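For reference, the structure is listed below as structure tokens.
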Protein chains: 2
Amino acid sequence: MKTEKREVEERMTHFETVLRREGVKLTHQRMEIFREVARTGDHPDAEQVFQRVRKHLPTVSLDTVYRTLWLLNDLGLVTTLGSSRERTRFDANLSSHHHFVCEQCGFTRDFYSTELDKIQLPDSVDSLGEIEATHVEVRGVCRNCVENQKPKTQS
Amino acid sequence: MKTEKREVEERMTHFETVLRREGVKLTHQRMEIFREVARTGDHPDAEQVFQRVRKHLPTVSLDTVYRTLWLLNDLGLVTTLGSSRERTRFDANLSSHHHFVCEQCGFTRDFYSTELDKIQLPDSVDSLGEIEATHVEVRGVCRNCVENQKPKTQS
DNA sequence: CCAGACTTAAGAATGATTATAGTTGTGGAG
DNA sequence: CTCCACAACTATAATCATTCTTAAGTCTGG
């Protein structure tokens, strides 16, 4: 559940380094919010972070939690689980397949691989619960978005 | 992009079979909504399905689209992409890891595997765009939910 | 110490999804 | 083929999470 103390310290250090490098101010709020996410392994949502941070900083606002989390996300200090900020998407393809998802535009394409279908999960996973499906998610930037991003560079 | 005609027909047949078996009424709306999802490979969201179905059934309501999609989901005829119905969750673990997600309660746990980190993706994926990260998502039912679901059955 | 970046507070706005209430249509019975 | 009960539909209003506004006060880093 909890992340090791040393690991948390390392993350905090990295956090401070990045904020300084980016010229972003180091406020308690930001520290406490990041620490809270860094110290737990249970992928909390904004509301949960808010509740926990409140214990140390009774006056934080939910708004700040949201703003900070997205800031941290933009700085590469945290990531979101699953497709962020997106609406729910549906899929009628019931056969075993995997996904390539573009982080910029959300473009998603199925791909197949008998190789991947044979994936062996570590034993530790079995102890977590009953496994129903396993699929590989590849995050990246689709061709379209790559093109549109470097319209000048031709070197 | 588009699914083969034969494949679509098969899905439609399966769809009708399941709805009859479950004693759920076969309405045009449901047929058109399912057909729409079945015939495309681009994982549309409810709004997109709504817009497309509208062309054939100008009076459908967005509400029906939502209700139907979740119904189809419950019947196992479609699945959702990424985390369904959930709030955005954040993760400060930047090292390569994978996830086990409980479909009932949303419980999510990281797991590691040097094996999985070495996954070889098929060439077809490279042509889709630039790959940034690959991770395995295991869906299932966590221990807690398994316990709570069969409090009586002991056979 | 100061400027400007940040935060708080309290609303209000947005956008996706869901509930309510009254109307319509499906599918089995006759 | 017609009728009826009730499932399902439409339209509208309500929710819920998230974001934005404004105004005033606070804190960080130079």
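From a predicted model like this one, the values you see are computed outputs, not experimental measurements. So you know, we letter chains A, B, ... as the sequences are listed, proteins then strands, and number each from 1. The analysis underlying the following values was restricted to heavy atoms, covering all of them including side chains, and did not include hydrogens, waters or symmetry mates.
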Rounded to the nearest Å, what distance is computed from the [atom1] atom of residue [X] to the [atom2] atom of nucleotide [N]?
| X | N | atom1 | atom2 | answer |
| --- | --- | --- | --- | --- |
| B/I33 | D/dA8 | CD1 | C1' | 11 Å |
| B/R30 | D/dT10 | CZ | C1' | 14 Å |
| B/D45 | C/dA16 | CG | C1' | 10 Å |
| A/K25 | C/dC6 | NZ | P | 6 Å |
| B/L57 | D/dA8 | CG | C1' | 14 Å |
| B/E22 | C/dT26 | CD | C1' | 18 Å |
| A/E32 | C/dT8 | CD | P | 12 Å |
| B/R89 | D/dA17 | CZ | P | 14 Å |

Legend entry - 5' priority, DNA chain C, between A/V60 and B/L62 [closest heavy atom]: A/V60

Inset, instruction - Show your working on side chain to side chain donor-acceptor pair (under 3.5 Å) between A/N93 and B/H43 and close with a plain yes or no. - result: CA-CA 9 Å; A/N93 183 355; B/H43 319 290; over 6 Å; no

Inset, instruction - Measure from the side chain of A/H28, starting at C-beta and using heavy atoms only, and say which of D/dC27, D/dT10, D/dT19 lies closest. - result: D/dC27

Legend entry - Per B/Y66 side chain, nearest of listed nucleotides C/dA16, C/dC6, D/dT10: C/dA16

Legend entry - Flag if over 12 foreign heavy atoms under 6.0 Å of CD, A/E10: yes

Inset, instruction - Verify side-chain contact (heavy atoms from CB on, under 4.5 Å) between A/D110 and A/H99, making sure each step is shown before the conclusion. - result: CA-CA 5 Å; A/D110 293 354; A/H99 293 128; 3.0 Å; yes

Legend entry - side chain to side chain contact (heavy atoms under 4.5 Å, CB included) partners for B/E103, two or more places apart: A/E132, B/R139

Legend entry - Side-chain donor/acceptor contact of A/D63 with base of D/dC20 under 3.5 Å: yes

Inset, instruction - Would you please confirm or rule out a distance under 4.0 Å between OP1 or OP2 of C/dT7 and any side-chain N or O of A/T27? - result: yes

Inset, instruction - Please report the C-alpha distance between B/L19 and B/F34 in whole Å, then the side-chain angles of each, then the deciding distance to 0.1 Å, and finally whether the side-chain contact (heavy atoms from CB on, under 4.5 Å) criterion is met. - result: CA-CA 11 Å; B/L19 262 66; B/F34 178 72; over 6 Å; no

In a table with atom names and distances, give each donor-acceptor pair under 3.5 Å that connects a side chain of residues 46-63 of chain B to protein atoms at least two apart or in another chain.
residue: B/E47; atom: OE2; partner: B/Q51; partner atom: NE2; Å: 2.9
residue: B/Q48; atom: OE1; partner: B/D45; partner atom: N; Å: 2.9
residue: B/R52; atom: NH2; partner: B/D42; partner atom: OD2; Å: 3.3
residue: B/H56; atom: NE2; partner: B/R39; partner atom: NH2; Å: 3.4
residue: B/S61; atom: OG; partner: B/T64; partner atom: N; Å: 3.2
residue: B/S61; atom: OG; partner: B/T64; partner atom: OG1; Å: 3.0
residue: B/D63; atom: OD2; partner: B/R67; partner atom: NE; Å: 3.2
residue: B/D63; atom: OD2; partner: B/R67; partner atom: NH2; Å: 2.9

Legend entry - Residue from A/T40, A/L72, A/V78, A/I33 passing side-chain contact (heavy atoms from CB on, under 4.5 Å) with B/F90: A/V78

Legend entry - Degree of bending in the helix from C/dC1-D/dG30 to C/dG30-D/dC1 once both end axes are built from five pairs, to 10°: 40°

